[in-house]
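Handing you this structure, nothing more for now.
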Amino acid sequence: CAIALDHITFAQTLSLEYFLLPLLAWIAYRFNRQAVTLSIAVVSAIAIGEIVTGMVNRFENAATNHTLTSFQLFLCVIILTILTFSTVLYERTKAQFQLKQYNQKLEQQVKNRTLSLQESETALQKQKAFLRQVIDTNPNVIFVKDAQGHFILVNQALARVYETSIENLIGKTDADFNPNAREVEQ
């Protein structure tokens, strides 16, 4: 766009002034908005100085109005290009910063929830241990079966009756431990 505008505006050879675009783009990428504004001001001041002193050869034969119009177009292209680039980079940096903050906030929430879950798990294990202790210290036979007749909770007294461990009873039925079918059905 800048080279095409240069060709249309100056209608001579390739303008070397536009080789400032990569330098100004680098400044916009590397530094903040103040540095970009300062660099544009410096480039503008140098260009104005060259036009006023007549050091720019390509403008010597042109009419004054055409020279000033060409110069204004040159500055407009440089300024708009670099300020747009600078703004895009600023918005990108701002978005990255916000994303980093959101990420840190989410990580903290995950840590808090993980800690809460661990605390809940510890409390649940303590409750299970307490319930197991209450059930096992009771001398009466205590058990809970599912709909199919499998043991899902038993105490030590029932394990002694079947002469096995609590772990061996879980998931089994009476028929697994008692060969007498009549007793099992009762």
Side-chain angles (χ1 to χ4, degrees), residues 1-4 18-43 77-186:
C1 178
I3 294 174
Y18 287 106
F19 284 112
L20 293 172
L21 277 173
L23 173 66
L24 292 173
W26 175 78
I27 290 171
Y29 184 76
R30 178 66 176 89
F31 301 105
N32 59 16
R33 288 179 167 178
Q34 291 81 13
V36 171
T37 305
L38 179 63
S39 63
I40 289 173
V42 167
V43 167
V77 167
I78 293 288
I79 290 170
L80 289 175
T81 302
I82 299 307
L83 288 180
T84 301
F85 186 63
S86 176
T87 301
V88 167
L89 288 174
Y90 172 77
E91 292 298 324
R92 179 178 155 232
T93 303
K94 184 178 168 184
Q96 285 176 333
F97 179 73
Q98 287 176 340
L99 186 62
K100 187 175 182 180
Q101 284 182 325
Y102 291 146
N103 191 24
Q104 289 172 347
K105 185 178 178 182
L106 283 174
E107 285 178 4
Q108 186 60 41
Q109 287 177 346
V110 167
K111 285 179 184 177
N112 291 343
R113 289 182 182 169
T114 301
L115 180 61
S116 175
L117 182 61
Q118 288 171 343
E119 290 171 352
S120 297
E121 184 67 28
T122 301
L124 181 62
Q125 291 301 326
K126 286 181 181 179
Q127 289 176 352
K128 280 184 172 182
F130 177 72
L131 180 61
R132 171 57 53 197
Q133 187 178 17
V134 168
I135 290 172
D136 285 340
T137 56
N138 189 331
N140 298 313
V141 173
I142 299 174
F143 62 90
V144 177
K145 293 182 181 182
D146 63 11
Q148 289 79 30
H150 296 99
F151 292 110
I152 56 174
L153 176 72
V154 297
N155 70 345
Q156 191 63 42
L158 182 64
R160 278 192 297 266
V161 168
Y162 283 127
E163 297 176 350
T164 187
S165 67
I166 293 173
E167 293 78 23
N168 285 340
L169 283 169
I170 302 298
K172 306 265 175 68
T173 64
D174 285 315
D176 294 327
F177 296 98
N178 190 348
N180 188 343
R182 286 176 114 190
E183 288 181 11
V184 170
E185 286 187 28
Q186 292 177 356

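No hydrogens, no waters, no symmetry mates; every other heavy atom, side chains included, goes into these values. Source: prediction; values computed, not measured.
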(Q) By the definition side chain to side chain contact (heavy atoms under 4.5 Å, CB included), identify the one residue from T173, D174, I152 that meets it with K145. (A)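 Per the side chain to side chain contact (heavy atoms under 4.5 Å, CB included) rule, the option paired with K145 is D174, out of T173, D174, I152.
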
Mind checking side chain to side chain donor-acceptor pair (under 3.5 Å) for E121 and listing every partner two or more places apart, or none if nothing turns up?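 Side chain to side chain donor-acceptor pair (under 3.5 Å) list for E121, sorted by chain: Q125.
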
**Asked** Side chains of L115 and E119: does their closest heavy-atom pair fall under 4.5 Å?
**Response**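 Side-chain contact under 4.5 Å: yes.
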
Between the CG atom in N155 and the CZ atom in R160, the distance rounded to the nearest 0.5 Å is 7.5 Å

### Query
At what distance, to the nearest 0.5 angstrom, does OG1 of T164 lie from CG of D176?
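The distance works out to 10.5 Å.
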
At their closest point, which heavy atom of S165 faces which heavy atom of A159, and how far apart are they?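 The pair with the smallest heavy-atom distance is C-CB, 4.0 Å.
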
Output for pair (Q108 CD, N112 CG), nearest 0.5 Å, gives 4.5 Å

(Q) With rounding to the nearest 0.5 angstrom, report the CG to CD distance, L89 to Q96. (A)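 Interatomic distance, L89 CG to Q96 CD, rounded to 0.5 Å: 9.5 Å.
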
Here the side chain to side chain donor-acceptor pair (under 3.5 Å) pairs for residues 126-144, sequence neighbours left out, are R132-D136, N138-N140

Practice task
State the CG-CD distance between N103 and Q98, to the nearest 0.5 angstrom.
Solution key: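 So the CG of N103 and the CD of Q98 are separated by 13.5 Å.
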
ring-ring contact (aromatic ring centres under 6.0 Å, His included) pairs touching residues 136-172, sequence neighbours excluded, are F143-F151, Y162-F177

Note to self: Within the 4.5 Å heavy-atom criterion, are L169 and I166 side-chain neighbours or not?
What the structure shows: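 No - every pair of side-chain heavy atoms lies 4.5 Å or more apart.
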
*Does atom CD of Q109 have more than 12 heavy-atom neighbours from other groups under 6.0 Å away?*
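Yes, CD of Q109 has more than 12 neighbouring heavy atoms, counting only those of other groups under 6.0 Å.
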
- request: Drop me the distance from Q104's CD to L99's CG, to the nearest 0.5 angstrom.
  value: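 Here the interatomic distance stands at 10.5 Å.
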
